[in-house]
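Here is the structure we will look at.
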Amino acid sequence: MPESISKGCPSPVTWTGRTVRLLDQRWLPARETYVDCDSSDAVAEAIHAMVVRGAPAIGVAAAYGLALAARNTTRLDALAAAGQRLKAARPTAVNLAWAVDRVLARCKTEQGLAADVLAEAQAIEAEDLRANHAMARHGAECLQGTVNVYTHCNTGSLATAGFGTALGVVRQLHAEGRLGQVFVGETRPWLQGARLTAWELAMDGIEPTLIVDSAAASVMRSGAVDVVITGADRVTADGDVLNKIGTYSLAVLARHHGLRMMVVAPMSTVDLDTTSASEIEIEQRPAEEVTAWNGERVAPQGVSVFNPVFDATPYALIDWIVTEQGVFTPPAS
Ligand SMILES: CSC[C@H]1O[C@H](OP(=O)(O)O)[C@H](O)[C@@H]1O
């Protein structure tokens with residue numbers, strides 16, 4: 001269990017020595033239940049089902065999934081095939097493919113394969129936690145005085161190896177006594193904001209102001225927000241940001257209202273092999289996530305549904321991209 005994840009929040013991914021134990025985020029905060037995966041394919045299924053979610057967290061889960069596979073085979077081709085099945089679980093967050101490729105790149109010989117894979121998975125987890133604390137400091141240093149924040153989706157300990165990306169900056173501002181009001185967008189349809197971010201902040205003794213996503217514009221217009229801070233699932237070489245659906249509209253709204261926009265993402269989320277967001281597959285998820293609520297259908301039969309999980313925000317609409325290696329700002333337009 002990595003140290004210094006936020007005080008009360010349980011880790012989303014735990015290597016038990018025999019299984020990969022995943023906190024089932026589909027039922028939080030009402031129920032804290034776990035899924036024990038005993039194979040890499042079980043981890044892949046859990047990632048696809050969003051038992052575990054959040055770009056860095058699914059990378060960590062996939063790396064430990066390969067550690068399970070390496071306990072059952074010493075064949076490099078079988079391990080690579082397991083890695084491909086893990087990569088296919090969700091297409092947009094680059095951390096998933098990055099983690100699988102990094103683990104497989106370490107596996108040169110069948111000798112000591114299980115130990116090598118496990119060591120690489122543990123390194124990925126530990127590095128992500130360190131990166132989050134560095135980004136929290138870098139991001140807070142960009143902001144002056146007391147800061148009123150709007151954040152979207154969940155980017156905290158539940159989405160990473162601990163502490164969080166965008167939520168890590170919020171935690172750092174709180175620790176420095178500089179956090180004003182934190183508006184949390186509910187983040188339909190999966191409600192990562194209402195269910196997960198609000199839960200994490202409450203555990204830290206931070207009272208979030210939960211709003212429906214469609215209230216963002218009027219809240220910004222009221223002057224109650226100084227900066228929008230989000231995470232990312234992939235940052236392209238051009239600085240375009242793929243993140244939870246709704247991020248693009250928040251960036252447009254922030255620019256329209258003269259507010260700043262900060263994206264916080266570790267270098268494991270930066271994809272220098274892709275120049276623009278248009279090249280990336282944006283995950284579509286089942287219609288039932290939109291037509292039903294708590295298992296009850298709310299939309300009438302006969303509707304079609306478009307349910308993209310991410311959108312793309314051009315670099316030009318972002319004021320800071322905060323990584324553990326430093327802060328990037330777009331050239332003045
Ligand atoms: C630090 S998490 C980054 C990113 O992942 C989330 O997506 P999902 O909940 O669908 O896995 C969300 O887009 C966060 O901003």
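Remember, it's 1-based here, ligands and their atoms both numbered in the order they're listed.
Looking at F310 against ligand 1, only its side chain comes within 4.0 Å, counting heavy atoms.
Linking Ile, Leu, Val, Met, Phe, Trp and Tyr residues whenever their side-chain heavy atoms come within less than 4.5 Å places V52 and W15 in a single cluster. Residue V235 is grouped with residue I318 when hydrophobic side chains (ILVMFWY) are merged at heavy-atom distances under 4.5 angstrom, including chains of intermediate members. Clustering ILVMFWY residues whenever any of their side-chain heavy atoms sit less than 4.5 angstrom apart, transitively, puts L118 in the very cluster that holds L79.
Nearest protein heavy-atom neighbour of atom 3 (C) of ligand 1: A232 O, 3.2 Å. For atom 12 (C) of ligand 1, the closest heavy atom belonging to the protein is C153 SG, 3.4 Å. For atom 7 (O) of ligand 1, the nearest protein heavy atom (residue, atom name, distance) is K244 NZ, 3.4 Å.
R195 forms a cation-pi arrangement with W190, by the criterion of a distance under 6.0 Å to the ring centre and an angle within 45° of the ring axis.
Interface of M50 with ligand 1, defined as ligand atoms under 4.0 Å from a residue heavy atom, comprises 10 (O). Each of the following atoms of ligand 1 lies closer than 4.0 Å to a heavy atom of T165: 1 (C). Close approach of ligand 1 to R90 (heavy-atom distance below 4.0 Å) involves ligand atoms 8 (P), 10 (O), 11 (O). Each of the following atoms of ligand 1 lies closer than 4.0 Å to a heavy atom of P56: 1 (C), 2 (S). Taking every heavy atom of Q192 and a limit of under 4.0 angstrom, the matching atoms of ligand 1 come to 8 (P), 9 (O), 10 (O). Ligand-side atoms of ligand 1 in range of D233: 4 (C), 5 (O), 6 (C), 7 (O), 12 (C), 13 (O), 14 (C), range being under 4.0 angstrom from any heavy atom. Within ligand 1, counting atoms from 1 as listed, the ones closer than 4.0 Å to a heavy atom of A159 are 1 (C), 2 (S).
T92 and D233 share no donor-acceptor pair across their side chains, judged by distance under 3.5 Å alone. Side-chain contact, S268 with N95: a donor N or O sits under 3.5 Å from an acceptor N or O.
Between V309 and ligand 1, no N or O atom pair is found at a separation short of 3.5 Å. Taking any N or O of N243, backbone or side chain, at least one lies under 3.5 Å from an N or O belonging to ligand 1.
In this structure, K87 and V100 approach most closely via the heavy-atom pair CE-CG1, 3.9 Å.
A distance-only check finds no donor-acceptor pair linking the side chain of T274 to the backbone of D271 [under 3.5 Å].
Not a single heavy atom of G164 sits closer than 4.0 Å to an atom of ligand 1.
Evaluated for a side-chain contact (heavy atoms from CB on, under 4.5 Å) with R234, the options N243, V270, L242 yield exactly one hit, L242.
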